[in-house]
Number of protein chains: 2
Amino acid sequence: MDKLKKQVRSFEVAELANISRSTVSRALSGDPRISEETRARVEAAAAKLGYQPNLIARGLKNQSTGIVGVVVTDLDNPYHAHALQLLIEKLGAKRLAPLVFVGDTAEGAENAIARLMSYQVDAVIALAAPFSKQIVAACRAGKKPLILMNRYDGPDDVSFVCGDSHRAGSIVADHLIENGATSFAYFAGDDTTSISADREHGFTQRLAEKGFELTGRAASRYDHAQAMSVAPMLLACGAEAIFCANDTLAFALLDAARTMSPFGRPLIVGYDNSSLAAWPAYALTSVDQNLEKMTSVTVETAHAMVGDAHGGVSRIVIEPYLVARGSTSPQSRT
Amino acid sequence: MDKLKKQVRSFEVAELANISRSTVSRALSGDPRISEETRARVEAAAAKLGYQPNLIARGLKNQSTGIVGVVVTDLDNPYHAHALQLLIEKLGAKRLAPLVFVGDTAEGAENAIARLMSYQVDAVIALAAPFSKQIVAACRAGKKPLILMNRYDGPDDVSFVCGDSHRAGSIVADHLIENGATSFAYFAGDDTTSISADREHGFTQRLAEKGFELTGRAASRYDHAQAMSVAPMLLACGAEAIFCANDTLAFALLDAARTMSPFGRPLIVGYDNSSLAAWPAYALTSVDQNLEKMTSVTVETAHAMVGDAHGGVSRIVIEPYLVARGSTSPQSRT
DNA sequence: ATGCATTGTTCACACGTGTGCACAACCGGA
DNA sequence: TCCGGTTGTGCACACGTGTGAACAATGCAT
């Protein structure tokens, strides 16, 4: 090792510019009391030494670290992975740093929050996390602002950003009716979250308005293998159109349908519009939750909450939209 | 807000236990000089108040934050997403916290590292990142230990953990020959990393040893749509077996082959063994890089490097293995 | 020349923690 | 009683930064 000298500190910048350390701090933070001439000198010195302020020390002093905790689940679901990527990028643009933990189990989630607290994060974003009860409780105990993304289970005073699942269900119903379906089924997931229930409720309610009702229903874990084993039972009900709680379920259903009867299958709609949905092999009509916008809004909300003593609670609903593809084109039916 | 009291500090624990703050610190850190009796009293007080040490302050004092920077690319690739998830879990088990940034572009990567430096991370893990040159340079400048995962472009003194791509290529060649193929092609990606080149080199070298050579070759971005548009050209070469640099390419190739000639196609092998490969619709034979082990080793290496003044350089190669499925079963050929 | 406002800079403290050193308490041996 | 050794605890400093208050310098009016 050439030099084991530590990172440059603001003291050294001050030394080089023949000036006190506090002036360096003020010059770089844009304090108007600093003359333009010294500011230039300070900036030159800082650039020359490659000075980067120690954000840990700053965080300790300012009681604000610029770190945002992100609790995420099941990154094997491409939808979650994509959401995380967008979150990270947008947080970065706001000069916030994401400390990421996985909260797959109840105690895992609790443990994750505890770690985040220790690191004095400025806010917590929980991404489609189950165990939101634990997370809400822990954040409340630690007085940290919390934003649930794609979940709104908590009590009235927790903020969330999520899609309008109820409306999405109704949009799907309209689309299927428009394309000629007259009998319908729903393929549910195994979660008991409110947004999942809303999808189904919005779907059936709209169907009822048009004079239809569900002729079939099945549930499965969000897992290709299990979904495929459940699918035949659902297909057997003979419904002309099936709405799935999730793209994963929809892909399994398509695969199963292809195997059972290669030349005719019901109209199928998924949820999440993952990139596979666009593959010609599936061409799956799917609900897009507008993750782009959802993550933007989430980050902006988090950013706004950092300063506020999290007095404000914001509960925002994002409009989803349908992306129609071959899986619901009328001619694909029997 | 009921109380806007901040987090509990060690001072309050000391107060409650009628003891000095330093004793609290020592008791909790397991210093042998503390009597068993006071230790119990301190622990009781800490538990009662729910005291969690402020890791930011500790980090400032100890010059070691317990934060590990993770630079990642393209989370839309399920392979990367899965790797990230494993990394996060295994870092957590070692009580390290991952600060995650996305480094898709050159200046993005550089920027990410700069942020990591500011946060005084103890080490940096770069996950299959392009622009490793920038990352290596930045980490060297900041004197931070760096581990490249699945990349070994850098100079001799940077540590890495990666799969034995050369050997994987040779395993694939053997497998295809065993299953009766006599003519071969390679479907390359658009990256110029050494591991990518190794896959192809290991493949062709083994073929040459057995008296065969490549009859076709194509390259595409790692993207389903583009890969599908390139695929017909590659299939036209008539090779009986095709090795793809990536599962994404392999799926596109399978889709294209299905469309062109539904009842006969070459043997196809992918790389990464992503979860889709197991889906019956694809049943893709693929090389598994043993991500489980790769991430474990990476985290252990990072953990070991934290204390050391990163004098040690460790360069570790993980053995890959082949998962054979229907896409290379002999009867699937024409 | 002295008082006062303005402007630019420095001093000193605080954030919450870990730890070297000094120190108190106690005990046993002379 | 005095001394040396052992054991447990407290004082005070350091980590690197931001910032209120004090202070030097200058200009202006009296």
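Computed from heavy atoms alone, side chains included, the values below leave out hydrogens, waters and symmetry copies. Throughout, protein chains are lettered first and strands after them, A, B, ... in sequence-line order, and every chain is numbered starting at 1.
Taking atom CG on A:L28 and atom C1' on D:dT17, their separation rounds to 12 Å, with Å as the unit. Put simply, CZ on A:R9 is 15 Å from P on D:dG18, counting in whole angstrom units. Atom CG of B:L60 and atom P of D:dT17 are 9 Å apart (whole Å). Taking atom OH of residue A:Y119 and atom P of nucleotide C:dC15, one finds them 22 Å apart after rounding to whole Å. Between B:L55 atom CG and C:dT17 atom P there is a gap of 9 Å when expressed in whole angstrom units. Between the P atom of D:dC15 and the CD atom of A:Q7 lies a distance of 15 Å, rounded to the nearest Å. In this entry the distance linking CD of A:Q52 with P of D:dG16 reads 16 Å, nearest Å. To the nearest angstrom, P of C:dT10 lies 13 Å from CD of A:E15.
Within the structure, every side-chain polar atom (N or O) of B:S25 is placed at least 4.0 Å from both OP1 and OP2 of C:dT17. For A:Q63, a side-chain nitrogen or oxygen approaches OP1 or OP2 of C:dG16 to under 4.0 Å. The shortest distance between the side-chain N/O atoms of A:Y51 and the OP1/OP2 oxygens of D:dT17 is below 4.0 Å.
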Verdict with reasoning, A:R140 to A:D157, per salt bridge (Lys or Arg N to Asp or Glu O under 4.0 Å)
CA-CA 10 Å; A:R140 184 177 312 244; A:D157 60 342; 3.1 Å; yes
Go through the steps to decide whether A:E12 and A:K48 satisfy the test salt bridge (Lys or Arg N to Asp or Glu O under 4.0 Å), and finish with yes or no.
CA-CA 11 Å; A:E12 316 183 28; A:K48 182 172 182 183; over 6 Å; no
Taking N or O atoms only and anything under 3.5 Å, show me the protein contacts with nucleotides 6-14 of chain D, one pair per line.
unit_1 : atom_1 : unit_2 : atom_2 : d
D:dG8  : OP2    : B:R33  : O      : 3.3
D:dG8  : O5'    : B:R33  : O      : 3.4
D:dT9  : OP2    : B:T38  : OG1    : 3.2
D:dG10 : OP2    : B:S20  : N      : 2.6
D:dG10 : OP2    : B:S20  : OG     : 3.1
D:dG10 : OP2    : B:T23  : OG1    : 2.9
D:dG10 : O6     : B:R26  : NH2    : 2.4
D:dC11 : N4     : B:S22  : OG     : 3.2

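In terms of heavy-atom proximity, B:L16 sits nearest to B:A45 at CD2-CB, 3.7 Å.
Listed nucleotides: C:dG18, C:dG16, D:dT19. Nearest to the side chain of B:R58: C:dG18.
Other residues, nucleotides and ligands contribute more than 12 heavy atoms inside 6.0 Å of the NZ atom of A:K94.
Among A:M149, A:E89, A:E300, A:H82, the single residue meeting the side-chain contact (heavy atoms from CB on, under 4.5 Å) criterion with A:T295 is A:M149.
Using a 4.0 Å cut-off between charged side-chain N and carboxylate O, B:E15 and B:R9 make no salt bridge. Contact check on A:R39 versus A:D31 returns no salt bridge, with no Lys/Arg side-chain nitrogen under 4.0 Å from an Asp/Glu carboxylate oxygen.
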